[in-house]
Novice: 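My questions all concern the structure below.
Position 1 is the first residue of the sequence; numbering continues from there.
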Amino acid sequence: QVQLEESGGGSVQAGGSLRLSCGVSGATASTYCMGWFRQAPGQAREGVAALYIGGGTTYYADNVKGRFTISQDSAKRTVYLQMNSLRPDDGAMYYCAQGSSYACYSGSWRSGGGHRMDYWGKGLLVTISS
């Protein structure tokens with residue numbers, strides 16, 4: 001069983017930066033997909049970024065390209081989401097999730113708000129003040 005635990009959320013002013021972390025524990029395959037998702041009040045969950053673990057390819061939603069960076073520290077089994085130039089509409093609950101490698105390379109990781117992802121963290125709140 002895989003467990004995911006997010007950390008690093010909080011409140012920041014617009015234009016600022018935050019780095020979210022997702023610690024992975026439990027047995028994992030050698031290749032898999034790690035994603036960050038978010039859900040704002042009253043809105044559907046959306047995929048923000050994904051990383052193909054074992055391959056290194058990254059994927060981003062159009063509205064965060066150039067501002068967010070997903071990365072990993074394999075030794076620490078941690079995936080990060082560096083968020084820069086934050087905007088008020090980036091405020092949401094953020095979740096990390098893990099799925100099969102197919103979810104990444106097929107592009108389906110974002111489908112249906114991440115319904116192809118198998119494991120989820122509990123989420124953390126990011127608040128952006130204007």
Side-chain angles (χ1 to χ4, degrees):
Q1 186 76 8
V2 174
Q3 292 86 40
L4 306 176
E5 184 172 4
E6 304 97 337
S7 61
S11 181
V12 67
Q13 287 191 324
S17 299
L18 277 175
R19 187 177 79 160
L20 308 183
S21 301
C22 176
V24 181
S25 60
T28 58
S30 58
T31 61
Y32 53 92
C33 187
M34 286 296 301
W36 283 97
F37 296 77
R38 68 186 183 188
Q39 186 168 22
Q43 297 187 23
R45 188 171 61 198
E46 65 169 346
V48 174
L51 172 63
Y52 181 19
I53 303 295
T57 305
T58 56
Y59 311 82
Y60 296 96
D62 287 343
N63 56 0
V64 305
K65 279 180 182 176
R67 300 188 299 123
F68 290 12
T69 302
I70 187 170
S71 64
Q72 66 163 329
D73 182 329
S74 56
K76 295 181 179 179
R77 301 190 76 193
T78 300
V79 175
Y80 302 100
L81 184 69
Q82 177 67 43
M83 306 187 294
N84 299 328
S85 302
L86 284 162
R87 308 186 302 219
D89 62 353
D90 290 319
M93 284 292 294
Y94 281 73
Y95 302 87
C96 66
Q98 183 184 115
S100 70
S101 53
Y102 175 80
C104 264
Y105 64 71
S106 69
S108 62
W109 64 278
R110 293 195 70 204
S111 299
H115 78 276
R116 286 198 174 272
M117 306 302 274
D118 302 313
Y119 302 99
W120 292 83
K122 294 181 179 179
L124 47 74
L125 182 63
V126 172
T127 304
I128 314 299
S129 57
S130 57

Novice: Tell me whether L124 is reachable from I128 by hopping between hydrophobic residues (I, L, V, M, F, W, Y) whose side-chain heavy atoms are closer than 4.5 Å.
Specialist: yes
Novice: Do side-chain atoms of Y102 reach the backbone of G107 as a donor and acceptor pair under 3.5 angstrom?
Specialist: no
Novice: Given I70 and Y60, is the side chain to side chain contact (heavy atoms under 4.5 Å, CB included) satisfied, shown in steps?
Specialist: CA-CA 9 Å; I70 187 170; Y60 296 96; 3.5 Å; yes
Novice: What closest approach, in Å, do W36 and W109 show between heavy atoms, and which atom pair accounts for it?
Specialist: O-CZ3, 4.3 Å
Novice: With no hydrogens and no angle check, is any side-chain donor or acceptor of E6 less than 3.5 Å from a backbone partner on G123?
Specialist: yes
Novice: Evaluate side chain to side chain contact (heavy atoms under 4.5 Å, CB included) for E46 paired with R110, printing each intermediate quantity in order.
Specialist: CA-CA 7 Å; E46 65 169 346; R110 293 195 70 204; 4.1 Å; yes
Novice: About how many Å separate OG of S21 and OH of Y80, when rounded to the nearest 0.5 Å?
Specialist: 5.0 Å
Novice: Taking a hydrophobic cluster as the set of Ile, Leu, Val, Met, Phe, Trp and Tyr residues connected by side-chain heavy atoms closer than 4.5 Å, whether directly or through intermediates, do Y59 and V79 fall within one such cluster?
Specialist: no
Novice: Search all heavy atoms of L4 against all heavy atoms of C22 and return the closest pair with its distance.
Specialist: CB-SG, 4.0 Å
Novice: Can you tell me how far OG of S130 sits from CG of L86, rounded to the nearest 0.5 angstrom?
Specialist: 13.0 Å
Novice: Check step by step if side chain to side chain contact (heavy atoms under 4.5 Å, CB included) holds for M83 and T69.
Specialist: CA-CA 7 Å; M83 306 187 294; T69 302; over 6 Å; no
Novice: I want to check something: taking the side chain as every heavy atom from C-beta on, are D118 and Y32 in contact at a cut-off of under 4.5 Å?
Specialist: no
Novice: Report yes if some heavy atom in the side chain of Y119 is under 4.5 Å from a heavy atom in the side chain of Q1; otherwise report no.
Specialist: yes
Novice: Do NZ/NE/NH1/NH2 and the carboxylate oxygens of K122 and E5 come within less than 4.0 Å?
Specialist: no
Novice: What's the shortest heavy-atom distance between M117 and G35, and which atoms?
Specialist: CE-N, 3.8 Å
Novice: Could you tell me whether R45 sits above the aromatic face of W120, with NZ or CZ closer than 6.0 angstrom to the six-membered ring centre and within 45 degrees of the axis?
Specialist: yes
Novice: Could you give the distance from OH (Y94) to CG (L81), rounded to the nearest 0.5 Å?
Specialist: 7.5 Å
Novice: Atom CD in Q39, atom OH in Y95: separation rounded to 0.5 Å?
Specialist: 5.5 Å
Novice: Any donor-acceptor pair under 3.5 Å linking the side-chain atoms of S17 with those of N84?
Specialist: yes
Novice: Which pair of non-hydrogen atoms, one from S106 and one from A103, has the smallest distance, and what is that distance?
Specialist: OG-O, 3.7 Å
Novice: With heavy-atom distances below 4.5 Å as the criterion, would you say the side chains of T31 and Y52 are in contact?
Specialist: yes
Novice: Quick check for you: to the nearest 0.5 Å, what is the distance between I53 atom CD1 and T28 atom OG1?
Specialist: 9.0 Å
Novice: Please tell me whether V12 and V64 are part of a single hydrophobic cluster in this structure, the criterion being side-chain heavy atoms less than 4.5 Å apart.
Specialist: yes
Novice: Please check this pair: side chain of R116 against backbone of G112, looking for a donor-acceptor N/O pair closer than 3.5 Å.
Specialist: no
Novice: Looking only at atom types and distance, does a side-chain atom of R67 sit under 3.5 Å from a main-chain N or O of S85, one as donor and one as acceptor?
Specialist: yes
Novice: Can you check side chain to side chain contact (heavy atoms under 4.5 Å, CB included) on D90 and R38, steps first, answer last?
Specialist: CA-CA 9 Å; D90 290 319; R38 68 186 183 188; 2.9 Å; yes
Novice: Looking at side-chain heavy atoms only, is the closest gap between V24 and T78 below 4.5 Å?
Specialist: no
Novice: Do you know the tightest heavy-atom contact between F37 and A97?
Specialist: CE1-CB, 3.9 Å
Novice: To the nearest 0.5 Å, how far apart are CG in L18 and CZ in F68?
Specialist: 9.0 Å
Novice: Evaluate the side-chain proximity of L20 to V126: yes if any heavy-atom separation is below 4.5 Å, no if none is.
Specialist: yes
Novice: Taking all atoms of both residues into account, what is the closest heavy-atom pair of G47 and A61, and its distance?
Specialist: O-CB, 3.5 Å
Novice: Are side-chain N/O atoms of Q13 and S129 paired as donor and acceptor at under 3.5 Å?
Specialist: no
